[in-house]
**Q** 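So that we are looking at the same thing, I have put the structure below in structure tokens.
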Amino acid sequence: MEIGDNRLHDIQEMLLQWYLENQRDLPWRRHSNAYYTLVSEIMLQQTKVATVIPYFERFIKRFPTVYDLADASDDDVVKLWEGLGYYSRARNLHAAIKEVVATYDGVIPNEKEKISKLKGIGPYTTGAVLSIAYKQKVPAVDGNVMRVFSRLFDMEDDIAKPATRKKMEAIAEQIIPDRSPGDFNQALMELGATVCTPKSPECLFCPIRNFCKGYQAGREHILPIKTKAKAPKKASVIMFGVKWNNKLLVQKRPSSGLLANMWALPTENRMEEMPYISQIEEYCEMNQYSAKISEDVYRFEHIFSHRHWKIILISMELSENPVYLPKRSIWVDEQSVLEFAFPKVYQKALEQLGYRN
DNA sequence: AACACGGGGAG
DNA sequence: CTCCCAGTGTT
């Protein structure tokens, strides 16, 4: 990719000026603080700004500095992430900040080799923190930037391929100005998020329309090229609504895999080779529950981006306090279940379990 | 290189 | 409903 010197300079100036005038007022932009930058960038991975704002406010209020976060329990950190998705981000961020306090005296490192070794900080977040917080000339190529470049240079590379991100980074290296590299990176992402959008880009409001090869070719609508994701894998699960004394039994999920470490209604993979009634009876026997099992079950579905769950919800009212509880389990009021991860599922589940929402 | 890992918004 | 969005770690 070759860009003429004049055109390059104009693109830089137009973008920086546009960003200066049009940037959104966001909580993490109000102070210059590497910790704020890091937390917001982790939260913004795969997640829209509007979704992140309330989570960021709450997180920083609870953990104002790296020391507060480093001292926190895993449970407290994960609790503040409930509903945000991709929960390994919370685990990794916690580990990274502990490392910052233990090894770097509480200062997020400003060297690429050091910061990129921290948990959960890959090439994008490395570039974002180094450029935004430390004013270094390092690319931060996210999906927005790849979309903008695809159109700006009329590129047909498949942005779903890992190799394409490398190519985009090489282009970014050539384009980032010495002055305000952080603002320039944010300008590219802001443009992608608000003007150069995936569908119906608003080219008439674009500050670099006149330099855009894709726009000139009338191809902005078909760019970027991106192969479709595979359909979610199907799975069947049984979800247990175990009630006693007006409380609901919830269980902390395993520390790896889907919804790792999240509180949830006890859920088992369906054993396809036996009737589901038998599996439910087996579950009750294993836990020594003496229970009245409701005769009808409630069936519904939930689709994650990569998994499609068919859920059988079974309700059971225990007739006595069980002698022991299953591992990682506690009794809670039904209201607290709505704060858990995947609240939409629990909203449906609670209605079926006879609770009024 | 392929897969696992959530949840929200637009049309 | 259907489609789209997409960083990092693991295998």
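Numbered from 1 within each chain, the chains take letters A, B, ... in sequence-line order.
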**Q** Would you classify A/Tyr86 as touching base, sugar-phosphate or nothing, given that sugar-phosphate means primed atoms plus P, OP1 and OP2, and contacts are heavy atoms under 4.0 Å?
**A**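 Base contact - A/Tyr86 has a heavy atom under 4.0 Å of at least one base atom.
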**Q** Check A/Lys119 with A/Glu99, please: is the shortest side-chain N to carboxylate O separation under 4.0 Å?
**A**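 Answer for the salt bridge query: no.
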**Q** Report the residue (A/Lys230 or A/Ala341) whose heavy-atom-nearest nucleotide on DNA chain B is the more 5′ of the two.
**A**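 This one resolves to A/Lys230.
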**Q** Can you tell me how far C1' in B/dC5 sits from the matching atom in C/dC5, rounded to whole Å?
**A**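 Pairwise C1' distance, B/dC5 against C/dC5, rounds to 15 Å.
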**Q** Determine the interplanar angle of the A/Phe342 and A/Phe304 rings, folded into 0 to 90°, and report it as parallel if under 30°, tilted if 30 to 60°, perpendicular if over 60°.
**A**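 Tilted, since the angle between the ring planes falls between 30° and 60°.
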**Q** With a 4.0 Å cut-off on heavy atoms, is A/Ala160 in touch with a base, just the backbone sugar-phosphate, or nothing at all?
**A**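 Nothing, no heavy atom under 4.0 Å.
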**Q** Using the P atom on both, measure C/dC3 against B/dG6 and round to a whole Å.
**A**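 Roughly 23 Å separates the two P atoms.
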**Q** Say we look at C/dA6 and B/dG11: how far apart would their P atoms be, to the nearest angstrom?
**A**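 Rounded to whole Å, the distance is 16 Å.
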**Q** With a 4.0 Å cut-off on N to O distance, would you call A/Glu339 and A/Arg58 a salt bridge?
**A**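 Result for this pair is no, no salt bridge flagged.
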**Q** Between A/Arg89 and A/Gln46, does any side-chain donor sit less than 3.5 Å from a side-chain acceptor?
**A**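 No.
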**Q** Under 4.0 Å, heavy atoms only, any strand: does A/Ile42 hit a base, just the sugar-phosphate, or nothing?
**A**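 No contact.
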**Q** Could you check A/Lys199 against A/Arg165 and say which one's nearest nucleotide on DNA chain C is further toward the 5' end?
**A**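 Counting from the 5' end, the first nearest nucleotide belongs to A/Lys199.
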**Q** Could you check whether A/Asn261 and A/Arg328, counting side-chain N and O atoms only, form a donor-acceptor pair closer than 3.5 Å?
**A**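 A/Arg328 vs A/Asn261: donor-acceptor pair found between side chains.
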**Q** One thing to verify: whether A/Arg91 and A/Asp74 come together as a salt bridge, which I'm taking to mean a side-chain N less than 4.0 angstrom from a carboxylate O.
**A**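 No, no charged N to carboxylate O under 4.0 Å.
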**Q** Could you tell me whether A/Ser88 contacts a base, only the sugar-phosphate backbone, or nothing, with contacts defined as non-hydrogen atoms closer than 4.0 Å?
**A**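 Contact class for A/Ser88: none.
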**Q** Checking all strands, does A/Lys161 fall into the base, sugar-phosphate, or nothing category for heavy-atom contacts under 4.0 angstrom?
**A**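 The answer is nothing, as A/Lys161 stays clear of every strand by at least 4.0 Å.
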**Q** Need two values: the first and the last nucleotide of DNA chain C, 5' to 3', having an atom under 4.0 Å from any heavy-atom of chain A.
**A**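 That gives a stretch of C/dC4 to C/dG9.
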**Q** Considering heavy-atom distances to DNA chain C, does A/Lys48 or A/Asn92 have its closest nucleotide positioned more toward the 5' end?
**A**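 On the 5' side of the pair lies A/Lys48.
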**Q** Contact class for A/Thr125 (heavy atom, under 4.0 Å): base, sugar-phosphate, or nothing?
**A**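 Answer is sugar-phosphate: A/Thr125 comes under 4.0 Å of backbone atoms only.
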**Q** Of all nucleotides in DNA chain B that come within under 4.0 Å of a heavy atom of chain A, which is furthest toward the 5' end and which toward the 3' end?
**A**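 Reading along DNA chain B, I get B/dC3 to B/dG8.
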**Q** Take the angle between the ring planes of A/Phe63 and A/Phe59 and call it parallel below 30°, perpendicular above 60°, tilted in between.
**A**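 It falls in the perpendicular class, over 60°.
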**Q** Within the structure shown, what part of the strands sits under 4.0 Å from A/Arg91 by heavy-atom distance: base, sugar-phosphate, or nothing?
**A**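 Counting heavy atoms under 4.0 Å across all strands, no contact is made by A/Arg91.
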**Q** Donor-acceptor pairs under 3.5 Å, side chain of residues 220-249 of chain A to any protein atom, not counting sequence neighbours: which ones?
**A**
from: A/Thr227; atom 1: OG1; to: A/Asp158; atom 2: OD2; distance (Å): 3.1
from: A/Lys243; atom 1: NZ; to: A/Leu353; atom 2: O; distance (Å): 2.5
from: A/Lys247; atom 1: NZ; to: A/Asp333; atom 2: OD1; distance (Å): 3.0

**Q** Is the shortest distance from a Lys or Arg side-chain nitrogen in A/Lys348 or A/Glu301 to a carboxylate oxygen in the other one below 4.0 Å?
**A**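 No, this pair does not count.
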**Q** Between A/Glu57 and A/Lys61 (salt bridge meaning N to carboxylate O under 4.0 Å), is one present in this structure?
**A**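 The answer is no: the pair does not qualify as a salt bridge.
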**Q** Need one value for A/Pro198: base, sugar-phosphate or nothing, where a base atom within 4.0 Å counts as base even if backbone is also close, heavy atoms only.
**A**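 Contact class for A/Pro198: sugar-phosphate only.
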**Q** What nucleic acid atoms does A/Ile121 come within less than 4.0 Å of, heavy atoms only: base, sugar-phosphate, or nothing?
**A**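 Answer is sugar-phosphate: A/Ile121 comes under 4.0 Å of backbone atoms only.
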